[in-house]
Amino acid sequence: MSVRVRFAPSPTGYLHIGGARTALFNWLYARHTGGKFILRIEDTDAARNSHEAVKVILDGLRWLGLDWDEGPITADATGPSKGDCGPYFQSARKENYQRRVEALLSRGLAYEHEGAIKFKMTREPILIPDLVVGDVVRPLTDREELDPDWVLVRSDGQPVFHFVNVVDDLDMGITHVIRGEDHLSNTAKHIALFNAFGVRPPKYAHIPLILNKDGSKMSKRDTGASLATYLEEGYANEAVVNYLCLLGWSPKDNREMLPVKDVVELFDLPQILRHNARFDMDKLNWLNGEYLRAMAPDRFYEMSVHALARAGLNPDGHPLPYVKAALDTCRGKFKLFSELPAYGGFYFREEITCDPEAAQKCFTPENKPRVEKLRDAFGKLATFDAASLEAALKAVAAELGVKVGVLVHPVRLACTGSSSGPSLYHLMEVLGKDKVMQRIGSVLTVST
RNA sequence: GACCCUAUGGUCUAGCGGUUAGGACACCUCCCUUUCACGGAGGUAGCCCGGGUUCGAUUCCCGGUAGGGUCGCCA
């Protein structure tokens with residue numbers, strides 16, 4: 001039987017990083033086995049159902065590159081979809097639930113209670129065979145002993161999650177349920193329901209959860225919990241995917257950076273780790289830096305420009321060759337695009353504000369004449385390129401009998417406003433003679 | 001309270017009945033260097049605890065502890 005897996009998020013308005021990984025693992029398994037990856041929107045709760053909230057999910061999955069074989073095409077619950085098992089919004093599947101309730105009712109497996117419909121739950125412990133965790137026996141808890149039956153349909157007519165989830169998986173022919181371990185205990189309910197419908201339950205694979213760095217549960221408000229953060233802050237999507245793959249799964253060959261197509265090839269359920277993983281932003285950032293370094297130039301420019309614009313700078317107001325040359329000097333020097341405005345923003349600003357502390361160290365009465373001398377030397381340069389600038393600076397340093405750093409630091413600060421940045425000689429070449437002379441000049445006139 | 005899952009450096013992990021317990025991030029030192037980053041060399045740091053089984057347990061079993069999860073007319 002061909003594999004059919006699904007990702008069934010509830011449109012809450014954001015896509016949790018853990019949910020994103022669940023989607024990824026489902027997708028990886030589908031692609032590994034040649035099966036189908038289905039997207040189903042669990043919008044039973046009307047309060048959580050909004051076009052915008054669904055869009056967040058679709059955008060997130062698309063950004064990660066997790067294409068679905070069946071499911072909605074747009075965020076509109078009544079809009080078009082692909083696949084033969086639709087609708088793919090629970091809000092549009094009411095008849096199915098109704099039909100299933102009646103089937104249980106007519107066979108005495110469910111009953112009405114105070115206006116709600118409850119399921120006659122098995123009293124016996126239930127065996128949950130799990131591809132990740134192994135066989136799990138789940139007896140009733142003490143509270144459940146008091147009343148093992150549970151609500152299928154609320155008194156207001158709304159079916160509950162555990163019920164619709166099972167009915168949809170059944171109607172959609174889902175073969176493997178890959179989901180967060182938080183559902184492991186509840187799986188007993190689901191298996192009992194499948195049994196009541198007289199069908200074999202799907203295979204289960206409960207994957208460990210993603211925790212905060214401190215080991216606490218990662219919830220909505222925690223840093224990095226929302227996938228949208230990475231999208232907005234200009235992470236490379238393949239870095240995020242790569243990092244997520246490494247959380248609870250390993251290629252076992254010490255590779256850290258590996259393309260998703262390799263993961264598709266190697267991925268399988270039994271090798272998923274059984275313990276929760278903590279989210280390590282440092283490692284994600286490192287990986288992002290690696291991908292950023294390997295990124296095709298045009299994409300690098302595009303993402304850089306986006307990051308600069310987001311920080312209020314206007315790179316598009318400069319000639320394209322200038323922008324590209326400027327960005328080339330920044331390439332490989334930072335891990336996150338969000339660092340770029342601080343790193344290379346001086347290329348696109350008219351006014352440079354120097355760090356006061358650094359300025360005090362650099363623009364001393366002793367240094368000023370030296371910098372002035374250097375400026376004069378720069379002024380006489382016929383060609384204002386990195387090699388000439390370097391030669392000129394070194395010549396002046398030699399003449400003054402000082403180390404190059406004595407000149408480099410003040411000039412860097414004057415040109416960029418910062419004590420760290422791209423290669424000084426290259427940066428000055430890109431900036432051009434006018435701006436360099438002007439920026440050096442302006443720090444010389446300011447008293448310190 | 002009951003039940004379920006889990007346990008290798010700070011973090012992600014590889015591994016195994018006998019290994020100098022491997023890699024990566026982070027951190028520290030040094031080198032390279034105009035700064036930063038990269039790169040190179042080195043370093044600190046780990047098998048949760050207690051019982052078994054065994055000639056021998058990090059590895060297998062049991063217990064404890066700790067962390068996580070579930071027990072809703074939330075999803």
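Note on naming: letters A, B, ... go to the chains in the order of the sequence lines (proteins, then strands), and numbering restarts at 1 for each one. The structure presented is a predicted model; accordingly, all values stated were derived computationally and were not measured. Side chains included, hydrogens not; waters and symmetry mates left out as well; all remaining heavy atoms used.
- Within a 6.0 Å radius of NZ in A:Lys120, no more than 12 heavy atoms belonging to other residues, nucleotides or ligands are found.
- Nearest-nucleotide assignment on RNA chain B puts the 5′-proximal partner with A:Arg255, out of A:Arg255 and A:His183.
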Name every donor-acceptor pair, under 3.5 Å, that has one atom in a side chain of residues 126-141 of chain A and the other anywhere in the protein, sequence neighbours excluded.
{"residue": "A:Asp130", "atom": "OD1", "partner": "A:Val132", "partner atom": "N", "Å": "2.7"}
{"residue": "A:Asp130", "atom": "OD1", "partner": "A:Val133", "partner atom": "N", "Å": "2.9"}
{"residue": "A:Asp130", "atom": "OD1", "partner": "A:His206", "partner atom": "N", "Å": "3.3"}
{"residue": "A:Asp130", "atom": "OD2", "partner": "A:His206", "partner atom": "N", "Å": "3.0"}
{"residue": "A:Asp130", "atom": "OD2", "partner": "A:His206", "partner atom": "ND1", "Å": "2.6"}
{"residue": "A:Arg138", "atom": "NH1", "partner": "A:Ser185", "partner atom": "O", "Å": "3.1"}
{"residue": "A:Arg138", "atom": "NH2", "partner": "A:Glu144", "partner atom": "OE1", "Å": "2.3"}
{"residue": "A:Arg138", "atom": "NH2", "partner": "A:Glu144", "partner atom": "OE2", "Å": "3.0"}
{"residue": "A:Thr141", "atom": "OG1", "partner": "A:Glu144", "partner atom": "N", "Å": "3.3"}
{"residue": "A:Thr141", "atom": "OG1", "partner": "A:Glu144", "partner atom": "OE1", "Å": "3.4"}

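- Here the nucleotide nearest the side chain of A:Lys217, chosen from B:rC25, B:rC5, B:rG68, is B:rG68.
- The gap from the C1' atom of B:rU13 to that of B:rU6 amounts to 15 Å, rounded to the nearest Å.
- Nucleotide B:rU34 forms no Watson-Crick or G-U wobble pair with any nucleotide shown, as no partner meets the under 3.5 Å limit on both distances.
- Below the 3.5 angstrom threshold, one finds a donor paired with an acceptor across the side chain of A:Ser155 and the base of B:rC73.
- More than 12 heavy atoms of other residues, nucleotides or ligands sit less than 6.0 Å from atom CD of A:Gln271.
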Where along nucleotides 32-49 of chain B does protein come under 4.0 Å, by heavy atom, of base (B) or sugar-phosphate alone (S), with - for untouched nucleotides? --BBBBS-----------
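- In this structure, B:rA66 and B:rU6 make a Watson-Crick or G-U wobble pair, each of the two defining distances being under 3.5 angstrom.
- Base engagement by A:Ala116 is indicated by at least one non-hydrogen atom pair under 4.0 Å involving a base atom.
- For A:Lys189 and B:rA75, the NZ to C1' distance is 12 Å, given to the nearest whole Å.
- Atom-to-atom, NZ of A:Lys283 to P of B:rA26 comes out at 10 Å; the value is rounded to the nearest Å.
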Please report, to 0.1 Å, the donor-acceptor pairs under 3.5 Å made by any side chain of residues 18-28 of chain A, with sequence neighbours excluded.
{"residue": "A:Arg21", "atom": "NH1", "partner": "A:Leu247", "partner atom": "O", "Å": "2.4"}
{"residue": "A:Arg21", "atom": "NH2", "partner": "A:Pro208", "partner atom": "O", "Å": "2.1"}
{"residue": "A:Thr22", "atom": "OG1", "partner": "A:Gly18", "partner atom": "O", "Å": "3.0"}
{"residue": "A:Asn26", "atom": "ND2", "partner": "A:Thr22", "partner atom": "O", "Å": "2.9"}
{"residue": "A:Asn26", "atom": "ND2", "partner": "A:Ile178", "partner atom": "O", "Å": "2.9"}
{"residue": "A:Trp27", "atom": "NE1", "partner": "A:Asp67", "partner atom": "O", "Å": "3.4"}
{"residue": "A:Trp27", "atom": "NE1", "partner": "A:Asp67", "partner atom": "OD1", "Å": "2.8"}

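- Taking the six-membered ring for Trp and the full ring otherwise, A:Tyr235 and A:Tyr291 have centroids separated by 6.0 Å or more.
- Across the protein-nucleic acid pair, A:Asn242 atom CG and B:rU13 atom P stand 14 Å apart, rounded to whole Å.
- Applying the 4.0 Å criterion to OP1 and OP2 of B:rG69, one finds that A:Arg179 has every side-chain N and O outside that range.
- When each of A:Leu413, A:Leu393, A:Leu374 is tested with A:Val408 by the rule side-chain contact (heavy atoms from CB on, under 4.5 Å), just one qualifies, namely A:Leu393.
- For the segment residues 95-105 of chain A, no residue has any heavy atom less than 4.0 angstrom from an atom of RNA chain B.
- Looking at heavy-atom distances under 4.0 Å, A:Leu287 makes no contact with the nucleic acid at all.
- At the heavy-atom level, A:Arg143 lies under 4.0 Å from base atoms of the strands shown.
- To the nearest angstrom, C1' of B:rU70 lies 15 Å from CD of A:Glu145.
- Between A:Asn254 and A:Ser216, the residue whose closest nucleotide on RNA chain B is further toward the 5' end is A:Asn254.
- Relative to the six-membered ring of A:Phe197, A:Arg100 meets both conditions, a distance below 6.0 Å and an angle of at most 45° to the axis.
- Base pairing of B:rU54: no nucleotide in any strand meets the Watson-Crick or G-U wobble criterion (both distances under 3.5 Å).
- Rounded to a whole Å, the CG atom of A:Leu211 is 17 Å from the P atom of B:rA66.
- Pair assignment for B:rG72 gives none, since no Watson-Crick or G-U wobble pairing has each distance under 3.5 Å.
- Using atom C1' as the reference point in both B:rA45 and B:rC3, the two lie 37 Å apart (nearest Å).
- For B:rA37 and B:rC30, the P atoms lie 14 Å apart once the distance is rounded to whole Å.
- Salt-bridge formation is not detected for the pair A:Glu351/A:Arg349: no Lys NZ or Arg NE/NH1/NH2 atom is positioned less than 4.0 Å from an Asp or Glu carboxylate oxygen.
- The partner of B:rA24, taking Watson-Crick or G-U wobble pairs whose two distances both stay under 3.5 Å, is B:rU11.
- In this structure, A:His275 reaches the B:rU13 phosphate: one of its side-chain N or O atoms is under 4.0 Å from OP1 or OP2.
- Side-chain contact, A:Ser304 with A:Arg331: no donor N or O sits under 3.5 Å from an acceptor N or O.
- Checked against side chain to side chain contact (heavy atoms under 4.5 Å, CB included), A:Glu95 has no partners two or more places apart in sequence or in another chain.
- The CG-P distance, from A:Asp135 to B:rC5, rounds to 10 Å in whole Å.
- A:Asp253 places its CG atom 13 Å from the P atom of B:rA24, with the value rounded to the nearest Å.
- Residue A:Lys252 has a polar side-chain atom (N or O) positioned under 4.0 Å from OP1 or OP2 of B:rG15.
- If you check every strand for non-hydrogen atoms under 4.0 Å, A:Val153 touches nothing.
- Regarding contacts with the backbone of B:rU6, a side-chain N or O of A:Arg274 is found under 4.0 angstrom from either OP1 or OP2.
- Remark: A:His306 NE2 to A:Leu340 CG distance equals 12.0 Å, nearest 0.5 Å.
- For the P atom pair drawn from B:rG52 and B:rG46, the interatomic distance equals 26 Å after rounding to whole Å.
- Rounded to the nearest Å, the gap between the C1' atom of B:rA14 and that of B:rA21 is 10 Å.
- No contact: A:Gly115 has no heavy atom under 4.0 Å from any strand.
- Checked against the 6.0 Å centroid criterion, the rings of A:Phe119 and A:Trp150 qualify as a close aromatic pair.
- Under the Watson-Crick or G-U wobble criterion, with both distances below 3.5 Å, B:rG46 is left unpaired in every strand shown.
- Comparing the P positions of B:rA24 and B:rG39 gives an interatomic distance of 11 Å, to the nearest angstrom.
- Using atom C1' as the reference point in both B:rU20 and B:rC25, the two lie 24 Å apart (nearest Å).
- Within the shown strands, nothing qualifies as a pairing partner of B:rU19 under the Watson-Crick or G-U definition with both distances less than 3.5 Å.
- Listed by chain and residue number, A:Tyr347, A:Pro422, A:His426, A:Val430 satisfy the side chain to side chain contact (heavy atoms under 4.5 Å, CB included) test with A:Thr329 (two or more places apart in sequence, or in another chain).
- Using C1' as the reference atom, B:rC71 and B:rG50 are 31 Å apart when rounded to the nearest Å.
- Using a 4.0 Å heavy-atom distance criterion, A:Glu256 is classed as a base contact.
- For the pair A:Asp182 CG and B:rU6 C1', the interatomic distance rounds to 14 Å; values are reported in whole Å.
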